[in-house]
Amino acid sequence: MAVLSDLVDDIIADIQGLVMFSPTGSRYERFINADLEYPIIVVAPENNVNAATYIELPIEFDDARDQIRFGIEGAIESGIVAEGDAVVCNLSIFDDGPDSLVRVQVGESIRSGIYDLFVNSRADSSVIRDVFNVAIELGKKGQKGKPVGALFVVGDAGKVMNKSRPLSYNPFEKSHVHVGDPIVKVMLKEFSRLDGAFIVSDSGKIVSAYRYLEPGAEGVDIPKGLGARHMAGAAITRETNSTTIVLSESDGLVRAFKSGELIFEVDPEVY
Ligand SMILES: Nc1ncnc2c1ncn2[C@@H]1O[C@H](COP(=O)(O)OP(=O)(O)OP(=O)(O)O)[C@@H](O)[C@H]1O
Ligand SMILES: [Mn+2]
């Protein structure tokens with residue numbers, strides 16, 4: 001057994017923080033009463049253990065790595081951990097209780113922008129999540145098996161509408177549908193074949209499909225090889241307080257832009 005505890009010792013040696021994902025009250029009590037010399041950071045949908053150091057988890061990420069990135073980026077943003085620190089994350093990957101210890105070296109490589117995407121956007125994080133999930137599903141399955149691209153502009157819809165024009169009639173004109181509604185997800189996938197962008201309000205209402213964005217794009221930088229959809233998706237976030245989530249038909253990746261910058265990129269296949 002000694003060899004096994006050596007393994008654990010290596011993982012927990014000289015750490016500067018313990019990140020507990022959704023611990024039970026008793027589990028949290030046990031650790032907080034152990035007077036550890038480093039902070040215990042709780043990351044959970046709600047702070048039901050009354051943790052002194054708590055980061056709200058807006059969504060259950062499908063990928064444990066995104067969950068860990070989110071927690072650590074939140075801890076960096078809150079000044080609890082810093083680049084160069086080593087932290088241990090305790091989370092559940094397979095069971096519904098914490099079944100894993102993951103040691104993470106806090107550095108550039110861990111930063112994905114996922115915390116910024118969900119927490120610092122103007123739209124509710126649940127709206128970002130719903131749109132993100134539609135883009136991921138579309139990226140995985142395409143539309144009727146064919147790869148599709150899509151451009152979702154989330155938040156600050158009034159200003160976005162003023163900086164764009166209709167390419168055709170707007171199928172969502174008279175409707176009050178929410179991006180989290182399963183039927184709407186099917187509609188969004190159906191309409192993804194169409195040209196233009198989807199415009200979503202801060203609270204998740206679909207304001208429009210078929211929208212042609214007309215932001216000024218001078219000085220906006222996007223990854224090489226990407227074209228007008230991504231340029232418009234980046235540029236509109238510089239002229240408004242929106243966040244865009246873009247699925248590329250050509251490389252299949254899902255990207256997010258804010259303030260004219262690429263802040264997040266993920267391959268739907270890893271989800
Ligand atoms: N300004 C814009 N506003 C809204 N939609 C746009 C805009 N420009 C392009 N699109 C949409 O993006 C689609 C793809 O255009 P393009 O191939 O140039 O973009 P891209 O960035 O290369 O995207 P992809 O990686 O999906 O190919 C267009 O058919 C159009 O529907
Ligand atoms: Mn293209």
Side-chain angles (χ1 to χ4, degrees), residues 112-113 117 121-123 127-128 131-173 177 179 184-202 204-271:
S112 68
L117 170 62
S121 290
R122 174 180 155 134
V127 172
I128 300 280
V131 173
F132 181 69
N133 285 337
V134 170
I136 290 284
E137 275 169 46
L138 262 178
K140 270 182 172 170
K141 298 180 195 131
Q143 184 52 19
K144 296 192 179 36
K146 272 184 66 229
V148 288
L151 166 51
F152 298 94
V153 189
V154 187
D156 205 7
K159 219 164 152 200
V160 171
M161 290 299 276
N162 291 336
K163 288 186 177 288
S164 59
R165 73 174 68 185
L167 286 169
S168 172
Y169 88 100
N170 171 18
F172 294 99
E173 181 91 40
V177 288
V179 69
V184 175
K185 286 191 179 176
V186 175
M187 290 166 73
L188 289 175
K189 289 178 194 159
E190 200 41 47
F191 288 131
S192 60
R193 283 175 296 105
L194 309 178
D195 274 340
F198 292 103
I199 314 300
V200 182
S201 77
D202 294 334
K205 179 175 169 300
I206 313 283
V207 174
S208 178
Y210 259 144
R211 202 76 187 168
Y212 186 72
L213 306 178
E214 297 177 296
E218 58 294 335
V220 174
D221 244 347
I222 60 171
K224 292 282 161 285
L226 296 176
R229 182 192 328 267
H230 291 80
M231 182 51 89
I236 193 72
T237 64
R238 191 176 61 173
E239 292 195 358
T240 64
N241 207 354
S242 61
T243 300
T244 53
I245 293 177
V246 191
L247 168 63
S248 165
E249 183 178 341
S250 42
D251 70 10
L253 296 186
V254 172
R255 295 178 176 86
F257 295 91
K258 227 151 62 73
S259 317
E261 301 283 332
L262 173 65
I263 58 160
F264 184 59
E265 179 178 285
V266 71
D267 179 347
E269 291 315 321
V270 304
Y271 256 75

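Indexing begins at 1, ligand by ligand and atom by atom, following the structure's order. All of these numbers come straight from a predicted model, not from anything done at the bench.
Ring orientation note: the planes of F191 and F172 are nearly perpendicular, at an angle over 60° on the 30°/60° scale.
Nearest heavy atom pair, residue L138 against residue A150, reads CD1-CB, 4.2 Å. Among all heavy-atom pairs drawn from V220 and G260, the shortest one is CG1-O, 4.0 Å.
Of all protein heavy atoms, the one lying nearest to atom 5 (N) of ligand 1 is G196 CA, 3.4 Å. Nearest protein heavy-atom neighbour of atom 7 (C) of ligand 1: Y212 CE1, 3.9 Å. The protein heavy atom nearest to atom 29 (O) of ligand 1 is D195 OD1, 3.0 Å. Protein heavy atom at the shortest distance from atom 1 (N) of ligand 1 is L213 O, 3.0 Å.
Of the inter-residue distances, the one linking K189 atom NZ with E137 atom CD reads 3.5 Å to the nearest 0.5 angstrom.
N170 contributes no side-chain N or O that, together with a main-chain N or O of R211, makes up a donor-acceptor pair within less than 3.5 Å. Side chain of D202 to main chain of D156: a donor-acceptor pair is present (N/O by atom type, distance under 3.5 Å, no hydrogens or angles).
Counting heavy atoms only, R229 comes closest to atom 10 (N) of ligand 1 of the residues R229, R193, E249. In this structure, of S164, A235, S250, A228, the residue bringing a heavy atom nearest to atom 9 (C) of ligand 1 is A228.
Considering backbone and side-chain atoms alike, S248 places an N or O below 3.5 Å from some N or O of ligand 1. An N or O contact shorter than 3.5 Å links G227 to ligand 1 by distance. Ligand 1 has no N or O atom lying under 3.5 Å from any N or O atom of L226, backbone or side chain. Taking any N or O of L151, backbone or side chain, none lies under 3.5 Å from an N or O belonging to ligand 1. At under 3.5 Å, not a single nitrogen or oxygen of L194, backbone or side chain, sits near a nitrogen or oxygen of ligand 1.
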Verdict with reasoning, M187 to I206, per side chain to side chain contact (heavy atoms under 4.5 Å, CB included): CA-CA 11 Å; M187 290 166 73; I206 313 283; over 6 Å; no

Side chain to side chain contact (heavy atoms under 4.5 Å, CB included) assessment of T237 paired with S259: CA-CA 5 Å; T237 64; S259 317; 5.5 Å; no

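Not a single protein heavy atom sits closer than 4.0 Å to atom 17 (O) of ligand 1.
At least one side-chain heavy atom of T244 sits under 4.5 Å from a side-chain heavy atom of L151.
At a heavy-atom cutoff of 4.0 Å, ligand 1 is contacted by no atom of E214, backbone or side chain.
For ligand 1 and A232, the ligand atoms under 4.0 Å from any heavy atom of the residue are 1 (N), 2 (C). Close contacts between ligand 1 and R211 involve ligand atoms 3 (N), 4 (C) [criterion: under 4.0 Å to a heavy atom].
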